[in-house]
Protein chains: 2
Amino acid sequence: MATIYDIAKACGLSPATVSKALSNASDVSAATRERVRRIAQELDYVPNAGARALSQSRTWSIGILCQDTSQMGLWHYLFAQVIESFKDYVEQHGYDIVFISNKVGNMGLSYLGHCRYRRVDGVFIVNTDHAQTDARELMESNLPKIAIDFENEKIGCVKTDPEESMRMLFTHLYDLGHRNIVYLHGERGKYITEERIAALEKAAAEASDKSVNLRLFPSRYYSIEGGFDSMKKLLSATKDDRPTAVIASDDYTAIGVIEAVRAAGLSVPEDISVVGFDGIEITQRTNPSLTTIRQDTKAIGEAAAKNLLSQIAGEEDVPKTVSLKPQLICGESCRDIK
Amino acid sequence: MATIYDIAKACGLSPATVSKALSNASDVSAATRERVRRIAQELDYVPNAGARALSQSRTWSIGILCQDTSQMGLWHYLFAQVIESFKDYVEQHGYDIVFISNKVGNMGLSYLGHCRYRRVDGVFIVNTDHAQTDARELMESNLPKIAIDFENEKIGCVKTDPEESMRMLFTHLYDLGHRNIVYLHGERGKYITEERIAALEKAAAEASDKSVNLRLFPSRYYSIEGGFDSMKKLLSATKDDRPTAVIASDDYTAIGVIEAVRAAGLSVPEDISVVGFDGIEITQRTNPSLTTIRQDTKAIGEAAAKNLLSQIAGEEDVPKTVSLKPQLICGESCRDIK
DNA sequence: ATTGTATGTAAAATCGTTTTAGGAAGGACC
DNA sequence: GGTCCTTCCTAAAACGATTTTACATACAAT
C-alpha cells in the first residue's frame, strides 16, 4: 500500500511536505497541495490510522462499555438504539468505536486495560455492573468518559429525567383514580433504581392524599420472564389487597406482567392497569398496547457523544450531567376507575 | 504510560529482550522472563496496539459492514444477534471489531477505504446493498472476507440452508391441507430473495400436485408496516381467490401481515394461516404466536468468525460456503384445513 | 585445542505518520 | 546594500512496538 514516502518520491518532495499538504497545513503552496493530492489519488493512498495514532497519541477511537449479566447481551433494544445514535454522531467527527471487554484474547486485560491497549480517546459507559471492581477501576481512571443512568464524583451522565418521568407516570395513574399502586422496580442498589424509587415516592408524597397506597415489589430489568414471575408472586402476596395499577421497571417487564395477569385469569386493563418504561417500538404492537414513558434514545446517544467529544477536546465547563425530557405514551393498558 | 523502554531501563535490559520476554519467545531465560513480567506489572504496562500493529502489519481488528437503507439501522434484531456471536468469538482470539462506514469524518472514504484506513485484518459483511458500487468495491478487494446470505466468485457466505428452510415451510403448510399459498417475498434482486423464491418453487414442484397454487407477491424485508401494506394490497387483489396461507419474508413482515388480516375483519389462523421467517424471540409472544423458521444466529456468527479467522491465518481449503440447518418453530398461526 | 552448538542479550532497522526547528529564496523597506 | 519578513519547503526526531542480525559466553563434542 502506498505511503507518504511513495507520494513524496513521485512528487519530488519530502514526506513532511506531503503530510502537510494532505492535512491542509498553511505552509504549503496551493500548487504543491494540488499536485500532492492528485498523486495521492493516483497511487490510491489511504493514511494508516495506526501510524497516525502513534505519532499523534490519539487514536480517533472511542470505547463503549455495554456488558451485563442480563441475558440480553449487548443488543438490548434500548441500548442498541442509544449506541447507534452515539456511533453516528462520533463517526461524523472521525471516530470509530471499540467495544470494551475484559475477555480479549488471553491477555487478561481489565476494562481499563483494554481501553489502554487500544488507546481509546474516551469511553462511553452504556451498561455495566457499576459496583464491580473492573467497572470501578474504569470509572476511577482519568480517561474522558460519560455514562448512562449513573453518576458519581468521577463520572457524569446522561439520563431521562427520573423525577419528571416518575411523576408523569404517577400522576397519570392518580388522575385515572388509582390509589393502590405497586412499583415493580429493578435491581435494588443500582443507581437508576434508587433514583426512580425516590422520585416515585416523592411524586406520591406530593399528592398529599392519605388514601394513596404505594408499595414496592422487587423484579429485575429487561426480562419478560422476570416480570411474569414477579407479578405472579405479587398477586399471590396481595390476595386481599390487590393493587389497581402496577408500574413495571421497563417495557419487557411490563409485557411479562401482562402475561401474568392473564395467567391469573384477570385482564389488563379491566382488573389491573399496567404501565411500562422506555417506550420501545414493540410496546405499541402488543395487546393491549402499553402506556409507558418514552426515552428519546437518539437524543441520549447524541448528548453523550457531544459531551464526550467536548471532554476530549479539553473544553472547559463541560456539563457534568445531562437530563433529558421524558414523553408519556398513552396506550390501552390503563383504565379509568373513577 | 509505561513502554517497553521503561521496563528495559528498570530491568537493565534492552527493549528487544523485554519484547521477547513478554511474548514468550524461546531465547529468553526463565529468570529474565519472570523479572520482566514482574516489573511490567509494577509499572502498570499495557502494550500499545497501534505500535504493535505498525510493526506487525496486522491490527487484530475486523471490520463489520452492516448498513442498509432499511429503517432498522444497525440493530436489526437478527443481525444484532449474529454480530454479537461473531464478536464474542473473534474477541476470544484477540480481535476487536470496527464498524465500517462510508461517512467517517470528512475524509470521503469508501467502505474499502475505511477498511484500509483502519487496516482491518478481515471483514464481515452482514448486511448491505450488494449491488451498490461501494459494496462491490469492497467485495472485489482481496481482503479476507465473509458475508451472510450472499455469495459470488469473490466472496463466500454463511446462510441458513434456503432449500431446506423453504421446503420445511411449504411441506408444513401442504400437510395442513393448504394448496393456495402466497409468498410475500422481500426485495427482488437480492441474492437471498431469489434463492428463497427458487427454493420455494422447487419444493412446490416436488409436491407434483396440480392443485397447488403458489403465487408470489412483493413486500420488503423487516418492516411491520411493509407487511401490513403488502397484505392489504394482496387481499384486495385476490378477492375471488384468497390464499389460505401466506408465507412472509420474515417475522416482522408476518406481524404486519397478521395486523392487516385483522384489519380486514378476518382472523389468523381461522381464515388465513401465516408463517414467518427468522424465529426472533418476540414471535413467541405475539398473538397468535407465529409459526416460523428459526435461524441459529449464534451458529451463524460463529461459523462466519471461524471461517474468517481461517482465511486470515492463511489456511488452505477454507470452505467457501457454510450452510446451516433451519429449525421449524410451530406457533399457533396456522390452521389445519383438511 | 579446536570446532560446534545452544543460549541469552543487544543493536539497529522497520513500520507510517506528525511535529519541531530551521533553512533558502525572494521581496519590501530603510 | 543590509535588514527583516514572508513563503515554501526539508531534515530529523519522535511515537512504541517487533524483528532481524549479530555478538558474546558457556559448554559439549571432536
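Every chain is numbered from 1 and lettered A, B, ... according to where its sequence line falls, protein lines coming before strand lines. Please read these numbers as outputs of a predicted model, since none were measured by experiment.
Between D:dA17 and B:Tyr45, a contact under 4.0 Å exists linking OP1 or OP2 to a side-chain N or O. Taking side-chain N and O atoms only, A:Thr32 has a distance below 4.0 Å to OP1 or OP2 of D:dC9. Close to C:dG16, at under 4.0 Å from its OP1 or OP2, lies no side-chain N or O of A:Thr3. Close to D:dT18, at under 4.0 Å from its OP1 or OP2, lies no side-chain N or O of B:Tyr5.
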Could I get a table of every N or O pair under 3.5 Å where one atom is in the protein and the other is in nucleotides 19-26 of chain C?
none

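Residues A:Tyr77 and A:Thr297 have side chains that never bring a donor and an acceptor to within less than 3.5 angstrom of each other.
In this entry the distance linking CG of B:Leu22 with C1' of D:dT19 reads 15 Å, nearest Å. Spacing between atom CZ of B:Arg119 and atom P of C:dG16 amounts to 7 Å, rounded to whole angstrom units. D:dT10 atom P lies 12 Å from atom CD1 of A:Ile4, rounded to whole Å. When the P atom of D:dG16 is taken as reference, atom CD1 of B:Ile7 falls 12 Å away, rounded to whole Å. Going from atom CG of B:Asp6 over to atom C1' of D:dA17 covers 13 Å, rounded to whole Å.
Here the rule is side chain to side chain contact (heavy atoms under 4.5 Å, CB included) with B:Ile155, and of B:His130, B:Lys320, B:Lys145, B:Glu140 only B:Lys145 fits it. Just one of A:Val123, A:Thr133, A:Asn102 meets the side chain to side chain contact (heavy atoms under 4.5 Å, CB included) condition when paired with A:Tyr111; it is A:Asn102.
Interatomic distance, B:Glu91 CD to A:Ile100 CD1, rounded to the nearest 0.5 Å: 9.0 Å.
A distance-only check finds a donor-acceptor pair linking the side chain of B:Ser85 to the backbone of B:Glu302 [under 3.5 Å].
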